[in-house]
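All ligand and atom numbering here is 1-based and tracks the order in the structure.
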Amino acid sequence: MKRKLDQNDRPATVPESDEPSKAPVSEENISFADFGLDPRLLQAVAKQNYEKPTLVQRKAIPLGLAGQDVLCKAKTGSGKTAAYILPLLASILRKQSSSAPSTSALVLVPTRELADQVFKSIEQFSAFCAKDLQTVKLTDKLSDAVQRSLLSNSPDIVISTPARAWNNVNSSALSLENLKFLVLDEADLILSYGYTEDMDNLSRSIPKGVQTVMMSATLSSEVDALKSIFYREPTLLDLEEPEADGEGITHYVTKCGEDEKFLMAYVIFKLQLIKGKCIIFVADIDRSYRLKLFFEQFGIRSCILNSELPVNSRIHVVEEFNRNVYDIIIASDEKSEMLNVDGEDDDEDGEGGKVDADAEKGADGKRPSKKRKTAKRDSEYGVSRGIDFKNVATVINFDLPTTASSYTHRIGRTARAGKNGMALSFVVPESLYRKHMPTTVKTAENDERVLAKITRQQKKKGKEVKDYNFNKEQVEAFRYRMNDALRAVTKVAVREARTRELRQELLKSEKLKRYFEENPNELSHVRHDGELRTARSQPHLKHVPEYLLPKEGKKGLTSEEIGFVPMRKKGDRRQKKGKRSFRAGSRKGDPLKTFKARRKTK
Ligand SMILES: Nc1ncnc2c1ncn2[C@@H]1O[C@H](COP(=O)(O)OP(=O)(O)OP(=O)(O)O)[C@@H](O)[C@H]1O
């Protein structure tokens, strides 16, 4: 059995290259060039401005290049994608150009969103050798005939969910006969999405000796189960990166009643207490529309992400968010909602997944009928796992997730690639929980108990979960307006908004489908953060009257050190415009100083 490596081990041997031998390079100073990668790959790495490999890349790339099986656990946002893509591409480029075309690599992912992201990463890393390899992703909404024709040329790399991959293998459209490289990205999630049977089937079609790499942010019993598809014992990389003081994520919670969540969200966004881009997680789809309509009342623009929306729109929303077109995404994290309806206990270390899988699977190992009934939802949807939302300053848990593990993945959307970020969670105390939480959101596990687990989980990582120092008295001044807005957001308005958005997005999705490949730049006019206008409009709410604002400005609402998370890089579109940000102490643009909360221009 191969031994387990940890981060203190010296780097695995860098494979031989034709270059004359150099003095050994120390672990920390290793560069991408030291891996002996194909120059075309190095060019692509340089184009992405990656200066140095991250820890997971330093450990996993040499193993991958040496042909070893790897099972790797590394934290969210640590650069796992490049850690497997680079060895995968290197292995394909080593293939004899004279050999007959065949599919050499299969990348299995749990969601369509992730498939799209992996596809784009492969495109970026193969930018200088694009003519030498072909990549196909099978997760778009394509007919079987189209998928068959895509596969007819035996593309070098296929990216797919296990279900799609198996369908195509089963119909002989995809041959895995010459497979050399298998990747399971977000490995622990693959089983919890109900792909057990597909994985079993696929494992029988995969030839022995295929190099297998599994990547995950958590190690769980699902990963153990998946190990059975390995033909060799993998090298285990269990990497825990030390965070320097003040780096990474700062965790805040604020205890509040159900309606106070809306009050705080209003104050936070209308008065720009939090700067930069933000993802707000809510427990279900209706809640996301409720919050969006609520924000609309105040002229706060936001986009929605949920499993009901067409996949093209979902992908486009993430892309545009990453290009800084939008500031706020409201995402319903339906997996965690559905997976924990029975309130099973979860693992405190955030290494969970078992609960997810057990709750998700029926006795036959398939997804439960509850899910089949909601047929319109895409079972291959997922945003809290694996998606690389860029430069997210804050993750707000408007509804607390039901497990500590789910918390880890949600907050992993911020502080990625060595940046800083903030997580703010609204926690409904036990006394109010039973009484006021909507039944759709309520679970057997109440917020306070989940919070206790999260706190323990973070403590083990040396992190503190702090109180968000909100001056509740000052915030109270805004309650009247909050109530006004919330009254307009009726159940009927939410239902209509949901239907309307779906209709609009289906139309947009058609457009996106037609133009995605040919004219990606022409899509800038397809926005996803328009007003739904199904709630009664109250124009006066869009302005913040002077008398509501505390004399001390922002300080009157939150303590000085929280809220602002500098995230922007040079050359950022919005930063260039310089429209929304204001410096501390400057009156210009600060709604608390000018007493005019400005609406974002369209
Ligand atoms: N060596 C590097 N230097 C700078 N940035 C990097 C490097 N490697 C990766 N990144 C960037 O870090 C971000 C996170 O990378 P990636 O999505 O691969 O993380 P991950 O570990 O797969 O996260 P998750 O577990 O959430 O899927 C990406 O924006 C990526 O471009």
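In this structure, Ile268 and Leu424 have side chains that are in contact, with non-hydrogen atoms separated by less than 4.5 Å. Side-chain contact between Phe119 and Val107 is absent, with no heavy-atom pair separated by less than 4.5 Å.
Near Lys75, meaning under 4.0 Å from one of its heavy atoms, ligand 1 places the atoms 21 (O). Each of the atoms 26 (O) of ligand 1 lies under 4.0 Å from some heavy atom of Arg413. Each of the atoms 16 (P), 17 (O), 18 (O), 22 (O) of ligand 1 lies under 4.0 Å from some heavy atom of Thr81. The Lys52 neighbourhood of ligand 1 comprises atoms 1 (N), 2 (C), 3 (N), with distances under 4.0 Å to a heavy atom of that residue. Annotation for ligand 1: atoms under 4.0 Å from non-hydrogen atoms of Ser78 are 19 (O), 20 (P), 21 (O).
In terms of N/O distances under 3.5 Å, ligand 1 is not approached by Glu51. Ligand 1 has no nitrogen or oxygen under 3.5 angstrom from a nitrogen or oxygen of Asn49. Close N/O approach between Gly79 and ligand 1 is found [any backbone or side-chain N/O within under 3.5 Å]. For Gly77, a nitrogen or oxygen atom sits less than 3.5 Å from a nitrogen or oxygen atom of ligand 1, counting backbone and side chain alike.
Nearest residue to atom 8 (N) of ligand 1 from Lys390, Gln57, Gln117, Gln48 is Gln57 (criterion: closest heavy atom).
A donor-acceptor pair shorter than 3.5 Å cannot be found between the side chains of Gln211 and Ser91. Looking only at atom types and distance, the side chain of Ser203 has no donor-acceptor partner in the side chain of Asp200 under 3.5 Å away.
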Verdict with reasoning, Phe32 to Leu41, per side chain to side chain contact (heavy atoms under 4.5 Å, CB included): CA-CA 9 Å; Phe32 281 100; Leu41 297 179; over 6 Å; no
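Only one option out of Arg413, Lys120, Arg314, Lys137 pairs with Glu113 in a salt bridge (Lys or Arg N to Asp or Glu O under 4.0 Å); it is Arg314.
Closest heavy-atom contact between Lys80 and Ala74: NZ-O, 2.9 Å.
Remark: the backbone N or O of Lys390 is paired with a side-chain donor or acceptor of Asn322 at under 3.5 angstrom.
When heavy-atom distances to ligand 1 are checked against a 4.0 Å cut-off, Phe389 has no atom that comes that close, whether in backbone or side chain. Under 4.0 angstrom from ligand 1, the non-hydrogen atoms of Glu186 all belong to its side chain.
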